[in-house]
Every structure is written in structure tokens, then in C-alpha cells.
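Inspection log for the structure reproduced underneath, given as C-alpha cells.
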Amino acid sequence: MESQAPAKTERLQKSPFFSRSPSSNQKFESRKANNPFHSLKVGRVVIITRGRYAGKKCVIISPLDNGTKSHPFPHALVAGIERYPSKVTRRMSKTKQAKKSKVKPFIKQVNYTHLMPTRYTIELETLKGVVSNDTFKEVSQREDAKKQVKKAFEERYQSGKNRWFFTPLQF
């Protein structure tokens, strides 16, 4: 009678889902390589897909794969463009060109699921020390960080680099 039905532990150990062999550990390690968020690194240009800033381009300043105590999910600190610079022509006066070349930035903590990575990257070394988790605790720190981000973005725009980043999406 005992030989008719194998013990429960024997059935579980034969199951492909319960295998404790070294090959099963390799499967879990390969899952890390197949992480859908592997492209979300510092400097990557992403598009926000949900919320107030949906459709806006931004740059990842620091990715937080494990989350924090206040935000217990994978997210990233991003700096983006809320209002893009307008089109400038040669016929405009210098003051009008300067006014139309202004950028309105935003800084935000965004869940990875609301970010769509692009193929573009931007090197902004000046922003790494400016925006951190502590920046979001006080309004004055946030405003100072926004001013520095605005300055960095406007310098980048004036230099003519990363032109795609400073044009709004067409949809």
C-alpha cells in the first residue's frame, strides 16, 4: 500500500517548480539580467507616461531600484522639462530670443512603471549633487534645486546639444 502513492515531499522535489538544483539558481540569476528596468541608468532620457507630466521628457538623476522607506517601490529621481523653449527666428530681437529660450523644469520621484526609456542620454554631472532624496523634504531646497536644474538645462539648450530633448513630443 505504501508503494502506490509517493510521499508528498518526493512529488514536490520531482516537480520542476520546487527543484533545488544549481540549475534553478541560475534561472533566478538570469532573471536579474532580464530585468525590464536595466536601461534606467543615470543620464538616460525617459518619457513620463502617467500623471501631471505625462508626455514630458526628463533625465534620470538617480535610479533607486530597491525603493526607500517613504517610497517602497522601485523609482527614480528625475529632472525634466515642464515648459519647452519656443521657436526662435533671426528676425526676433535679442530680448525676445532670450525670453523664448527659457525652460521651465521640474524635479520628481517617479515610479519605474510610469517611465518609458528612450535611446538618448544626456551627460549632466552638475545635477548629480543637486537633487537627492533630501531635496524633497523642504520646499526651499526643492526651489533651489529647480533653479540649478533650470540653469543647467538652459546652458545645454544654448550650446545646441541634445536638440531632441528640448523639443516637445508630437502626438
Side-chain angles (χ1 to χ4, degrees), residues 32-171:
K32 291 178 186 175
N34 295 332
N35 183 359
F37 307 122
H38 72 278
S39 65
L40 298 177
K41 302 260 191 288
V42 176
R44 174 70 57 190
V45 176
V46 294
I47 298 170
I48 297 182
T49 58
R50 301 270 163 82
R52 177 181 181 179
Y53 300 110
K56 303 293 183 185
K57 297 173 190 172
C58 54
V59 180
I60 293 180
I61 294 174
S62 67
L64 300 163
D65 295 333
N66 299 327
T68 59
K69 197 169 190 177
S70 60
H71 292 75
F73 48 83
H75 64 281
L77 300 177
V78 297
I81 301 177
E82 187 173 344
R83 190 181 323 120
Y84 293 93
S86 301
K87 189 174 182 180
V88 176
T89 60
R90 287 188 203 152
R91 296 182 65 186
M92 294 179 186
S93 66
K94 295 290 181 187
T95 55
K96 194 166 190 177
Q97 285 182 3
K99 190 173 183 181
K100 290 198 168 232
S101 296
K102 288 188 177 177
V103 174
K104 184 176 182 186
F106 67 87
I107 55 174
K108 195 169 174 60
Q109 295 176 335
V110 184
N111 192 331
Y112 278 171
T113 58
H114 305 313
L115 295 176
M116 185 174 75
T118 64
R119 63 182 177 167
Y120 299 101
T121 58
I122 292 181
E123 297 298 325
L124 291 173
E125 292 81 23
T126 57
L127 297 182
K128 290 178 184 173
V130 174
V131 182
S132 65
N133 279 333
D134 301 331
T135 308
F136 295 95
K137 292 182 180 174
E138 287 188 32
V139 177
S140 61
Q141 287 181 333
R142 205 170 330 152
E143 293 302 318
D144 292 340
K146 269 192 199 176
K147 286 176 185 174
Q148 291 181 342
V149 169
K150 178 177 179 157
K151 186 178 176 185
F153 280 168
E154 286 180 352
E155 285 175 7
R156 182 61 68 142
Y157 178 69
Q158 293 296 336
S159 69
K161 295 179 181 176
N162 308 105
R163 293 180 75 185
W164 180 83
F165 181 68
F166 294 104
T167 57
L169 286 175
Q170 301 294 318
F171 60 92

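Values in this document were obtained by computation on a predicted structure and should not be read as measured data.
- Between Phe153 and Pro105, the shortest heavy-atom distance links the atoms CD1-CB, 4.2 Å.
- If you take CZ on Phe73 and CG on Asn66, they are separated by 13.0 Å, rounding to the nearest 0.5 Å.
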Original post:
Should Ile48 and Leu115 be marked as a side-chain contact (heavy atoms from CB on, under 4.5 Å) after you check the CA-CA gap, both sets of side-chain angles, and the distance that decides it?
Top reply: CA-CA 5 Å; Ile48 297 182; Leu115 295 176; 3.9 Å; yes
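- Phe106 is listed as a side-chain neighbour of Lys56, based on a closest heavy-atom distance under 4.5 Å.
- Heavy atoms only, all atoms of each residue included: Gly160 and Arg163 are closest at O-CG, 3.3 Å.
- Atom NZ of Lys108 has 12 or fewer neighbouring heavy atoms from other residues, nucleotides or ligands inside a 6.0 Å radius.
- For Lys57 (side chain) and Leu169 (main-chain N/O), no donor-acceptor pair under 3.5 Å exists by modelled atom type.
- Thr135 contributes no side-chain N or O that, together with a main-chain N or O of Gln141, makes up a donor-acceptor pair within less than 3.5 Å.
- Across all non-hydrogen atoms, the minimal contact from Ile81 to Phe166 is CD1-CD2, 3.4 Å.
- Here the closest non-hydrogen pair linking Pro168 and Tyr84 is CB-CD1, 3.6 Å.
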**OP:** Evaluate the side-chain contact (heavy atoms from CB on, under 4.5 Å) criterion for residues His75 and Val110: first the C-alpha distance (whole Å), next the side-chain angles of each, then the deciding distance (0.1 Å), finally the verdict.
**Re:** CA-CA 5 Å; His75 64 281; Val110 184; 6.0 Å; no
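- The distance from the CD atom of Glu82 to the NZ atom of Lys104 is 4.0 Å, given to the nearest 0.5 Å.
- To the nearest 0.5 Å, the span separating NZ on Lys100 from OG on Ser93 amounts to 10.5 Å.
- In this structure, Thr121 and Asn162 approach most closely via the heavy-atom pair O-ND2, 3.6 Å.
- No more than 12 heavy atoms of other residues, nucleotides or ligands shown are found within 6.0 angstrom of CD on Glu123.
- Every residue meeting the side chain to side chain contact (heavy atoms under 4.5 Å, CB included) condition with Glu143, not counting sequence neighbours, appears here in chain and number order: Val139, Lys146.
- A pairwise comparison of heavy atoms in Val42 and Pro63 identifies CG2-CD, 3.6 Å as the closest pair.
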**OP:** Start with the C-alpha gap between Val131 and Phe136, add the side-chain angles, then the distance that decides, and say whether side-chain contact (heavy atoms from CB on, under 4.5 Å) holds.
**Re:** CA-CA 8 Å; Val131 182; Phe136 295 95; 4.2 Å; yes
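- Under the side chain to side chain contact (heavy atoms under 4.5 Å, CB included) criterion, Thr118 pairs with Val45, Ile47, Tyr120, Trp164, not counting sequence neighbours.
- Residues meeting the side chain to side chain contact (heavy atoms under 4.5 Å, CB included) test with Gln97, sequence neighbours left out: Val88, Met92, Lys94.
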**OP:** Decide yes or no on side-chain contact (heavy atoms from CB on, under 4.5 Å) for Asn133 and Leu77, but give the supporting numbers first.
**Re:** CA-CA 8 Å; Asn133 279 333; Leu77 300 177; 3.7 Å; yes
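- In this structure, the side chains of Glu154 and Lys102 come closer than 4.5 Å at one or more pairs of heavy atoms.
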